[in-house]
Number of protein chains: 2
Amino acid sequence: MKLSNKTVERVCRVFGYLKVLEDKGIAFVSSLDLAKAIGATESTVRKDISILELTGFSRKGYDVMLLKKELGVKLQLNKKRKACIVGLGRLGTALLDYEKFQEDGFEIVAGFDASINKIERINTVIDVFAVDDLENVVAQRKIELGIIAVPAQAAQGIAYKLVKSGVKGVLNFSPVKLIVPKNVMYLDMDFTSALRSIAARMAVC
Amino acid sequence: MKLSNKTVERVCRVFGYLKVLEDKGIAFVSSLDLAKAIGATESTVRKDISILELTGFSRKGYDVMLLKKELGVKLQLNKKRKACIVGLGRLGTALLDYEKFQEDGFEIVAGFDASINKIERINTVIDVFAVDDLENVVAQRKIELGIIAVPAQAAQGIAYKLVKSGVKGVLNFSPVKLIVPKNVMYLDMDFTSALRSIAARMAVC
DNA sequence: TATATTTAGTGATTTTTTTCACTTAAAGCT
DNA sequence: AGCTTTAAGTGAAAAAAATCACTAAATATA
Ligand SMILES: NC(=O)c1ccc[n+]([C@@H]2O[C@H](COP(=O)([O-])OP(=O)(O)OC[C@H]3O[C@@H](n4cnc5c(N)ncnc54)[C@H](O)[C@@H]3O)[C@@H](O)[C@H]2O)c1
Ligand SMILES: NC(=O)c1ccc[n+]([C@@H]2O[C@H](COP(=O)([O-])OP(=O)(O)OC[C@H]3O[C@@H](n4cnc5c(N)ncnc54)[C@H](O)[C@@H]3O)[C@@H](O)[C@H]2O)c1
């Protein structure tokens, strides 16, 4: 079972949609419905699911609860993951307060910032620390995921500290590519690049 | 000159890095440096640039200012684009105040929210309106880009209104896939799916 | 019960994307 | 001036991804 990143990404979106269907009480879903919901084709969805060695039911589609459970097991999406947010500015505090992360199994257990002023003024139920405590807190609390929301020039340093302290996944909101070891999973959320891609496609299409 | 989305995305990231290099006063850059900065290989970078019918200089690499200018022209990344943000909650207000969008040519000229209370209390230099005014304001101000930061269940409706009012590009922060006409450029920024992808790859790698 | 219909499963094929491997141009060096 | 080195340019090859086209299973229908 060799999963490409693309398959992983699609299947994660399928998982999110299955949660929606489950909440709505829908029992079965076709590959075509899943495809529409995630922006893919039905054959791609079926191939993805079959790569994961999972199956549906002829003429009925996929059992929503069952598939969600099986995907959860295969990709460990049911497992709760401890995460932290570094950089508690405009974006970082928005992320800190986003309750849905908790619902989806991402427990934000710490926030860090370089500014003591800011830390004192932040109003949140989540523990916030000075960034100097990052290594200790991440190691002690066994935090697995680091979310980086510091200015670009500070991002690589934070990534390095997070990795050194045991983090195994990094989501980076700063607009620079970071270098992390190959065994650390890493994704960028670069809003400006995204806007540029849209603008460029508006220009050339 | 047929550009794939992948090429567009990479080249947009190259463009961002060229700005950094320009600010640093660096005159030439190799395909390898560019590749490292955006997380690609040197041959991919060279191919991308050559697809755009642009060239560098033997043994010197690419002229930073020149390539940036040429990319700007080809993809109209120099052109200023008017944008608006719909949904002025935690995330929307963070986006509203992000000055770097302006620097990068994305002029946020309006914000919209359904809650009059919120609109009255928001402290920003940008004009904010009730969402009922969206269609008028977007059309009148010739806004080309819509940034969606409303709750999931409201997102499709907003997308529809934006498109109807003339928007040609949509950046969606809500965790659902939206349906827009094919001639409207569209991208998702789904943080939860991103975290899931990272977690899944932590599990299977 | 037989037949039609729907939808998953899948090997083959096609398309897209990336990488390789070599050529060419320019600059620096002796 | 000639040799060496460096880095872009590029057609060909390889790899990856997506799609097609068909099979099979299950349900509904007549
Ligand atoms: N706000 C947005 O809408 C937006 C949009 C696109 C990109 N981004 C990116 O997201 C990141 C955060 O943006 P923001 O608007 O929240 O910025 P911000 O300036 O509001 O917040 C940054 C925070 O990081 C803290 N910080 C600085 N250096 C630090 C360090 N070494 N360790 C720990 N904390 C440190 C600062 O004290 C501050 O609180 C930036 O890289 C920005 O480019 C933000
Ligand atoms: N905050 C985060 O860190 C975060 C993380 C991941 C995803 N998101 C997504 O981004 C979106 C915004 O998140 P948020 O945390 O800012 O939410 P929020 O609840 O703080 O803000 C949503 C805003 O949208 C407004 N709104 C609701 N319906 C509207 C409508 N029909 N038209 C106009 N405005 C309307 C509300 O009044 C509110 O101000 C959501 O879809 C959320 O799932 C946010």
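Just so you know, these numbers come straight off a predicted model, no measurement behind them.
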Less than 4.0 angstrom between a side-chain N/O of [X] and OP1 or OP2 of [N], yes or no?
{"X": "B:R59", "N": "D:dT4", "value": "no"}
{"X": "B:S31", "N": "D:dA8", "value": "yes"}
{"X": "B:R46", "N": "D:dA8", "value": "yes"}

Inset, instruction - Would you mind classifying the nucleic acid contact of A:K47 as base, sugar-phosphate or nothing, using non-hydrogen atoms under 4.0 angstrom? - result: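 Base contact - A:K47 has a heavy atom under 4.0 Å of at least one base atom.
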
Inset, instruction - Under 4.0 Å between any heavy atoms, over every strand shown, what does A:T7 touch: base, sugar-phosphate, or nothing? Just pick one. - result: nothing

Under 3.5 Å donor-acceptor, [X] side chain and [Y] backbone:
{"X": "B:K68", "Y": "B:E22", "answer": "no"}
{"X": "B:K168", "Y": "A:M202", "answer": "no"}
{"X": "B:Y186", "Y": "B:L178", "answer": "yes"}

Legend entry - Which residue lies more 5' along DNA chain C, comparing A:S43 with B:T44 via nearest heavy atoms: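 Result of the comparison: A:S43.
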
Rounding to a whole Å, what distance do you find between [X]:[atom1] and [N]:[atom2]?
{"X": "A:L3", "N": "D:dA17", "atom1": "CG", "atom2": "P", "result": "11 Å"}
{"X": "A:D48", "N": "D:dA16", "atom1": "CG", "atom2": "P", "result": "16 Å"}
{"X": "B:N5", "N": "D:dA18", "atom1": "CG", "atom2": "C1'", "result": "15 Å"}
{"X": "B:D63", "N": "D:dA7", "atom1": "CG", "atom2": "P", "result": "16 Å"}
{"X": "B:E42", "N": "D:dA7", "atom1": "CD", "atom2": "C1'", "result": "8 Å"}
{"X": "B:L66", "N": "D:dA8", "atom1": "CG", "atom2": "C1'", "result": "14 Å"}
{"X": "B:K6", "N": "D:dA15", "atom1": "NZ", "atom2": "C1'", "result": "12 Å"}
{"X": "B:K36", "N": "D:dA7", "atom1": "NZ", "atom2": "P", "result": "11 Å"}

Legend entry - Nearest-nucleotide 5' precedence on DNA chain D, A:K2 against A:K60: A:K2

Legend entry - Closest-nucleotide 5' rank along DNA chain D - winner of A:S58 and B:L32: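 The answer here is B:L32.
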
Inset, instruction - Could you check B:R81 against B:E144 for salt bridge (Lys or Arg N to Asp or Glu O under 4.0 Å), going step by step and ending with a plain yes or no? - result: CA-CA 6 Å; B:R81 303 270 190 185; B:E144 295 176 279; 2.9 Å; yes

Inset, instruction - Name the closest nucleotide to the A:T41 side chain, picking from D:dA26, D:dT19, D:dA18. - result: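 Selected nucleotide: D:dT19.
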
Inset, instruction - Apply the test salt bridge (Lys or Arg N to Asp or Glu O under 4.0 Å) to residues A:R10 and A:D48: give CA-CA distance (whole Å), side-chain angles for both, the deciding distance (0.1 Å), then the verdict. - result: CA-CA 8 Å; A:R10 278 190 301 259; A:D48 284 341; 2.5 Å; yes

Inset, instruction - Flag the pair A:E9 and A:R13 as a salt bridge only when some basic side-chain nitrogen lies within less than 4.0 angstrom of an acidic carboxylate oxygen. - result: no

Inset, instruction - Classify the ring geometry between B:F106 and B:F101 as parallel (under 30°), tilted (30 to 60°) or perpendicular (over 60°). - result: perpendicular

Inset, instruction - Walking along DNA chain C from 5' to 3', note the first and the last nucleotide with an atom under 4.0 Å from a heavy atom of chain A, and give both. - result: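 Extent of the interface on DNA chain C: C:dT5 to C:dA12.
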
